[in-house]
Amino acid sequence: AVVSTQSTGENSYWKLADFVVPHSSELIYEEADQLLYTATMFKKTLEAFKHNARERKFIVRDFTFSRTVIEQQKLEVTNMERAKNKAYPPLIKWLKGNFSEAFLNWTHVKALRLFTESVLRYGLPATFMTAILEPNKKSEKKLREKLTSLYGNLDKNAADSTDLGDIPAMFLTGDYYPYVYFDVNTAFVDNAREF
C-alpha cells in the first residue's frame, strides 16, 4: 500500500479487514511525502481491504512475486550501471571542454541584459560603467549604502520604492536600486572542483 507520511498506515493497516496478518507490514520504500508498505492477508479479504484502504486514502496495488521478473530487473539495473559508468568519463571530458564556451555565452547574455537595463533606465547615449563586485556577507549592506549615496542622484525613483509601476525596466525583480544590479550565482564554479 502507498501511504501518505501524515497518515498512520503502519499501525492501523491490519484493522482494515478480517484475516490480515498483524505486524506483517514492512516499509519497502520512502519518498518525500509517500511511504510504500507491504501487507499480508488471505485472498478472500483483499477486496474488503482495498475498499477500506481507499476510504482512508491509502492506495493499494497488487504485487505478484515472480523470481524471473526480479532477476530481469536486477540484470537491467546492472546493465544500466555499467552503461552509466562507461558513458560517465567521456561526458565529464566533454563538459570540461565545453564549460568555458557555455560560461562565456552566459556572461555575454548578462552583459546584454545589463546594457538593455541601463539604456531603459538612463536613456541614450549609453555612458555607464560596469563593475563586478563580490563583497563579504558582513560588508554587503555597507557597500549598498555607499553605492546608493554615490549614484542616488541618477534615479529619483529609487528613493521612493513604494511605487515601482512607472520605472522603465525589462527585468524588474526583487529590490530596486538607483544603479543597475544583478545577482550572479557562481556556485557551480566551486562545485566543479568535485569532478
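One is the number of the first residue; the rest follow in order along the sequence. This structure is a prediction, so every number in the text was calculated from the model and none was measured. Computed over heavy atoms, backbone and side chain alike; hydrogens, waters and symmetry mates excluded.
- Between the side chain of Thr116 and the backbone N or O of Leu112 there is at least one donor-acceptor pair closer than 3.5 Å.
- Partner Arg144 forms a side chain to side chain contact (heavy atoms under 4.5 Å, CB included) with one of Lys141, Glu140, Lys142 and no other, that one being Glu140.
- Open room surrounds CD1 on Ile132; 12 or fewer heavy atoms of other groups in view lie less than 6.0 Å from it.
- You'll find the side chain of Arg54 stays beyond 4.5 Å of the side chain of Val60, heavy atoms only.
- In this structure, Leu104 CG and Asn98 CG are separated by 12.5 Å, a value rounded to the nearest 0.5 Å.
- Residues Leu114 and Leu133 are members of one and the same hydrophobic cluster, defined by side-chain heavy-atom contacts under 4.5 angstrom among Ile, Leu, Val, Met, Phe, Trp and Tyr.
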Enumerate, atom names and distances included, each donor-acceptor pair closer than 3.5 Å involving a side-chain atom of residues 77-84, sequence neighbours excluded.
{"from": "Thr78", "atom 1": "OG1", "to": "Lys74", "atom 2": "O", "distance (Å)": "2.8"}
{"from": "Asn79", "atom 1": "OD1", "to": "Arg82", "atom 2": "NH1", "distance (Å)": "3.3"}
{"from": "Asn79", "atom 1": "ND2", "to": "Leu75", "atom 2": "O", "distance (Å)": "3.4"}

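- Closest of all the heavy-atom pairs between Ser100 and Gly97 is OG-O, 4.0 Å.
- Using a 4.0 Å cut-off between charged nitrogen and carboxylate oxygen, Arg113 and Glu117 do not count as a salt-bridge pair.
- Partners of Glu55 according to the side-chain hydrogen bond (donor to acceptor under 3.5 Å, both in side chains) rule, which considers only residues two or more places apart in sequence or in another chain, are His51.
- Counting non-hydrogen atoms of neighbouring residues, nucleotides and ligands closer than 6.0 angstrom, the CD atom of Glu145 exceeds 12 such neighbours.
- Leu150 is linked by a side-chain contact (heavy atoms from CB on, under 4.5 Å) to Lys146, counting only residues two or more places apart in sequence or in another chain.
- Here Phe58 contributes atom CZ and Phe49 contributes atom CZ; the two are 8.0 Å apart, rounded to the nearest 0.5 Å.
- The cluster map of Ile, Leu, Val, Met, Phe, Trp and Tyr, joined by side-chain heavy atoms under 4.5 Å apart, puts Val109 and Phe115 in different clusters.
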